[in-house]
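Before any comments, here is the structure.
Since we're looking at a predicted model, the values are computed, not measured. Residue numbers start at 1 and run along the sequence shown.
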Amino acid sequence: MQNKLTLLLATILLTTSLSLSQTKPDKNILKFEQSLLKPEESFANGDYKAAKNALIKAKKKITAKLGAQNQFTATMLLMEAKYDLGLGMPKDFEANIQSALRASEKLNSENS
């Protein structure tokens with residue numbers, strides 16, 4: 001009986017400590033992630049121009065808050081490349097792909 005009680009108490013303590021140790025995501029980060037969903041919805045509906053305009057608007061807000069190089073930079077550049085391809089601008093597509101690769105490399109480099 002005492003072994004079961006000890007096991008139950010240990011389980012409760014472990015569960016409580018694990019739930020308290022988890023960090024909640026930053027509300028601003030969640031807001032920025034949600035602001036990137038609107039352009040994707042427009043793109044999925046086939047409205048590439050609206051998607052690009054919504055992305056430009058979201059990009060301005062994110063860059064103003066987090067700076068030019070942030071965790072969303074590569075994603076936004078890839079999204080912009082995808083929208084440019086949908087709009088029939090392959091030169092802009094290539095430039096944005098190269099920029100996204102450089103941004104990702106800079107953000108995820110071993111020296112950072």
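Scanning all heavy atoms of the two residues, the minimum distance from P39 to S35 falls at CD-O, 3.2 Å. Considering every non-hydrogen atom in both M76 and L36, the closest pair reads CG-CD2, 3.9 Å.
Separation of atoms CG (N108) and CD (Q71) is listed at 10.5 Å; rounding is to 0.5 Å. Here NZ of K61 is found 5.0 Å from NZ of K57. Values are rounded to the nearest 0.5 Å. Rounded to the nearest 0.5 Å, atoms CG (L87) and CZ (F93) are 12.5 Å apart. Between the NZ atom of K82 and the NZ atom of K52 there is a distance of 13.5 Å, given to the nearest 0.5 Å. To the nearest 0.5 Å, atom CG of residue D92 and atom CD1 of residue I97 are 12.0 Å apart. Between atom OG1 of residue T63 and atom CZ of residue F72 there is a gap of 11.0 Å, rounded to the nearest 0.5 Å.
Within the 4.5 Å cutoff, no side-chain heavy atoms of K59 are placed close to those of M79. Annotation: side chain of F32 is in contact with side chain of K65 (closest heavy-atom distance under 4.5 Å). Considering only heavy atoms from C-beta on, N70 comes within 4.5 Å of I62 through its side chain.
Linking Ile, Leu, Val, Met, Phe, Trp and Tyr residues whenever their side-chain heavy atoms come within less than 4.5 Å places L85 and L101 in a single cluster.
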Inset, instruction - Determine, stepwise, if the pair I56 / K60 fulfils side-chain contact (heavy atoms from CB on, under 4.5 Å). - result: CA-CA 6 Å; I56 289 170; K60 284 180 185 178; 4.0 Å; yes
Inset, instruction - Could you go through the side-chain contact (heavy atoms from CB on, under 4.5 Å) check for L78 and N96 one step at a time? - result: CA-CA 7 Å; L78 284 174; N96 284 326; over 6 Å; no
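Side chain of T73 to backbone of S104: no donor-acceptor contact under 3.5 angstrom is found.
The aromatic rings of F43 and Y48 sit tilted relative to each other, their planes meeting at an angle between 30° and 60°.
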